[in-house]
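Numbered from 1 within each chain, the chains take letters A, B, ... in sequence-line order.
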There are 2 protein chains.
Amino acid sequence: MWADQSEVIPEVVILRLPLYARTLAVLAYEGRELVSSQELGERLHVTPAQIRKDLSYFGRFGKQGRGYNVRRLLQELRQILGLDREWVMALIGVGRLGRAILGYSGFAPEGFRVSAAFDLDAGEVGKRIGPLVVQHVNELAEAVQRLGIRIGIVAVPASAAQRVVDILVNAGVRAILNYAPADLRVPSDVLVREIDPVTALQSLTYYLKLQPTEQLVPLQMLSAPGLFRTEP
Amino acid sequence: MWADQSEVIPEVVILRLPLYARTLAVLAYEGRELVSSQELGERLHVTPAQIRKDLSYFGRFGKQGRGYNVRRLLQELRQILGLDREWVMALIGVGRLGRAILGYSGFAPEGFRVSAAFDLDAGEVGKRIGPLVVQHVNELAEAVQRLGIRIGIVAVPASAAQRVVDILVNAGVRAILNYAPADLRVPSDVLVREIDPVTALQSLTYYLKLQPTEQLVPLQMLSAPGLFRTEP
DNA sequence: TTCTGTGAACGGATTCACAGCA
DNA sequence: TGCTGTGAATCCGTTCACAGAA
């Protein structure tokens with residue numbers, strides 16, 4: 001386990017690093033200088049051993065007996081994840097969802113910038129949305145080169161998603177954030193992350209269905225023993 | 001492995017079932033009568049063995065030598081997941097993100113209904129958004145009981161998310177869809193699903209950073225050898 | 001013959017437990 | 001003494017491989 005990252009690092013580890021970074025940012029904001037893997041783990045619902053093991057793939061950032069320097073570790077993680085620069089993205093699909101994404105204020109502070117907006121429908125082309133003018137997807141490849149777009153955000157209906165993804169891949173984009181509820185086919189060197197609230201809900205309901213209705217009783221009632229009895 | 005679900009089913013399995021259901025719905029729409037685990041797996045980027053194993057937790061839905069009846073299996077999965085009914089949800093936070101969620105048309109067709117909207121800010125209370133009138137979170141517990149709300153959607157800033165979650169949990173809500181980039185503390189019987197595009201992007205960049213820039217060259221160019229040379 | 005259902009084998013991620021350093 | 005870093009042990013999900021049904 002050395003910092004040269006010569007061996008392949010499990011993807012689950014990479015998926016956790018942004019969460020570590022987020023919590024470290026909060027701790028830094030709170031003015032904390034040191035954290036132990038113990039405390040970081042408690043905040044994140046992750047075991048201390050897991051955090052230490054994850055970090056050990058990339059180097060030795062802690063001090064025995066003291067813990068990790070919050071600022072230092074945050075800095076290291078940001079560099080490992082490539083968050084120490086700006087990433088240029090393109091949005092495809094300027095319907096209701098697409099417009100909401102363009103209006104989302106959470107990307108910019110983290111260095112993600114939507115620099116161009118496209119649509120399949122010529123009827124949308126030319127419209128202004130904030131600082132952007134909607135372009136036709138035909139113009140995407142050229143824009144990718146000119147603007148240095150590395151990430152595509154897919155916000156078209158599921159039925160059009162594959163078509164849009166093919167266009168992105170052909171334009172050289174290798175990372176896609178997909179809001180369409182569709183199974184996309186991409187080459188093995190293209191990465192896709194799904195944002196799909198409906199699918200997320202559909203697994204929640206499995207567990208809700210198992211819960212007896214009595215558990216719906218609010219905690220206030222349960223904490224007033226004698227007034228309400230839910231079990232003999 | 002029997003249909004009585006007496007043993008605990010791995011959560012990853014439950015997370016895959018909605019994806020199976022989604023693809024089966026497409027197949028049903030296409031008029032397909034049967035699918036093999038092979039074909040379903042190809043569509044979903046999942047191995048056939050995995051699909052068969054996953055389904056075997058719940059029963060024996062296939063016919064040897066033929067495959068699965070598309071309509072039948074879809075029906076079974078919808079019942080297993082509890083999708084054969086309507087689920088009532090509450091939205092908390094009616095800022096830009098919250099309003100976008102209220103306007104999202106993807107929930108209703110799948111049986112998820114946002115029946116009430118709340119905000120922490122009294123200044124928002126009373127405003128109409130579509131068919132809903134914004135209420136103060138103080139009124140949440142009562143609404144949960146009256147409307148049968150089982151799921152809470154958190155769309156407030158990260159700094160207010162924990163407060164909102166506590167209110168939901170106290171009101172008896174046991175399932176939360178969290179759009180706030182925050183690590184929430186909930187009792188062990190409360191389920192949370194995160195919707196966090198920024199965190200998703202932050203793991204993508206790790207892999208993008210590793211890619212040599214030459215890979216940015218579009219496929220069209222690579223397929224015209226001689227015209228473009230990117231490396232000596 | 002084809003494809004399901006499923007124990008058994010496998011592999012990889014998580015957790016353990018402790019050596020080692022501050 | 002406190003907490004990291006990390007091989008070893010463990011756990012658990014995935015894949016294998018085949019018996020069995022249509």
Taking the minimum atom-to-atom distance to the side chain of R60(B), which one of dT14(C), dG5(C), dT15(D) wins? dG5(C)

Take the protein atom CD of E39(A) and the nucleotide atom C1' of dG2(D), then report the distance between them rounded to whole Å. 15 Å

For DNA chain C, what residues of residues 69-78 of chain A have any heavy atom nearer than 4.0 Å? none

Rounded to the nearest 0.5 Å, how far apart are CG of N170(B) and CG of L140(B)? 10.5 Å

Determine, for R66(B) against E33(B), whether the closest basic-nitrogen to carboxylate-oxygen distance falls under 4.0 angstrom. no

Could you state the CG-P distance from L55(B) to dT6(C), rounded to the nearest angstrom? 11 Å

Whole-Å distance, L40(A) CG to dT4(D) C1', equals 13 Å

Can you see which heavy atom on S37(A) is nearest to which on I51(A), and at what distance? O-CD1, 3.7 Å

Over all strands shown, is G65(B) touching base, sugar-phosphate only, or nothing at heavy-atom distances under 4.0 angstrom? base

Taking only the side-chain heavy atoms of Q50(B) (C-beta and beyond), determine which of dT14(C), dT14(D), dG5(C) contains the nearest atom. dT14(D)

Enumerate the residues from residues 11-38 of chain A whose closest heavy atom to DNA chain C is under 4.0 Å, giving them by residue number; use none for an empty result. V12(A), R16(A)

Phosphate oxygens OP1/OP2 of dG2(D): is one of them under 4.0 Å from a side-chain N or O of Y68(A)? no

Using atom types as modelled, flag every donor-acceptor pair under 3.5 Å from a side chain in residues 151-162 of chain B to any protein atom, sequence neighbours excluded.
{"from": "Q162(B)", "atom 1": "OE1", "to": "R185(B)", "atom 2": "N", "distance (Å)": "2.8"}
{"from": "Q162(B)", "atom 1": "NE2", "to": "D166(B)", "atom 2": "OD1", "distance (Å)": "2.9"}
{"from": "Q162(B)", "atom 1": "NE2", "to": "R185(B)", "atom 2": "O", "distance (Å)": "3.0"}

Within the pair T47(B) and dT14(D), is there a side-chain N or O less than 4.0 Å away from OP1 or OP2? no

Describe the nucleic acid contact of R52(A) in one word from base, sugar-phosphate, nothing, applying a heavy-atom distance below 4.0 Å. base

Hey, are Q38(B) and E42(B) close enough side-chain-wise for a donor-acceptor pair under 3.5 Å? yes

In whole Å, I'd like the distance from the CZ atom of F61(A) to the P atom of dT6(D). 11 Å

Check the pair D84(B) / K209(A) against salt bridge (charged side-chain N to carboxylate O under 4.0 Å, His left out), numbers first and verdict last. CA-CA 11 Å; D84(B) 51 357; K209(A) 194 192 54 139; over 6 Å; no

For atom OH of Y57(B) and atom P of dG5(C), their distance in whole Å: 14 Å

Figure out the NZ/P separation between K63(B) and dG5(C), and round it to whole Å. 10 Å

Closer than 4.0 angstrom, basic N to acidic O: yes or no for D54(B) and R16(B)? yes

Can E110(B) and R85(B) be counted as an ion pair, charged N to O under 4.0 angstrom? no

Quickly work out the F58(A) CZ to dT6(D) C1' distance and round it to whole Å. 16 Å

For M89(A) and I149(A) the tightest heavy-atom approach is C-CG2, 4.1 Å

Hey, is the side chain of Q64(A) poking within less than 4.0 Å of OP1 or OP2 on dG2(D), counting only N and O atoms? no

Which nucleotide, dA8(D), dG5(D), dT6(C), lies nearest any side-chain atom of K53(A)? dA8(D)

Counting distance only, does the side-chain N/O of R193(B) pair as donor-acceptor with the main-chain N or O of P197(A) below 3.5 Å? no

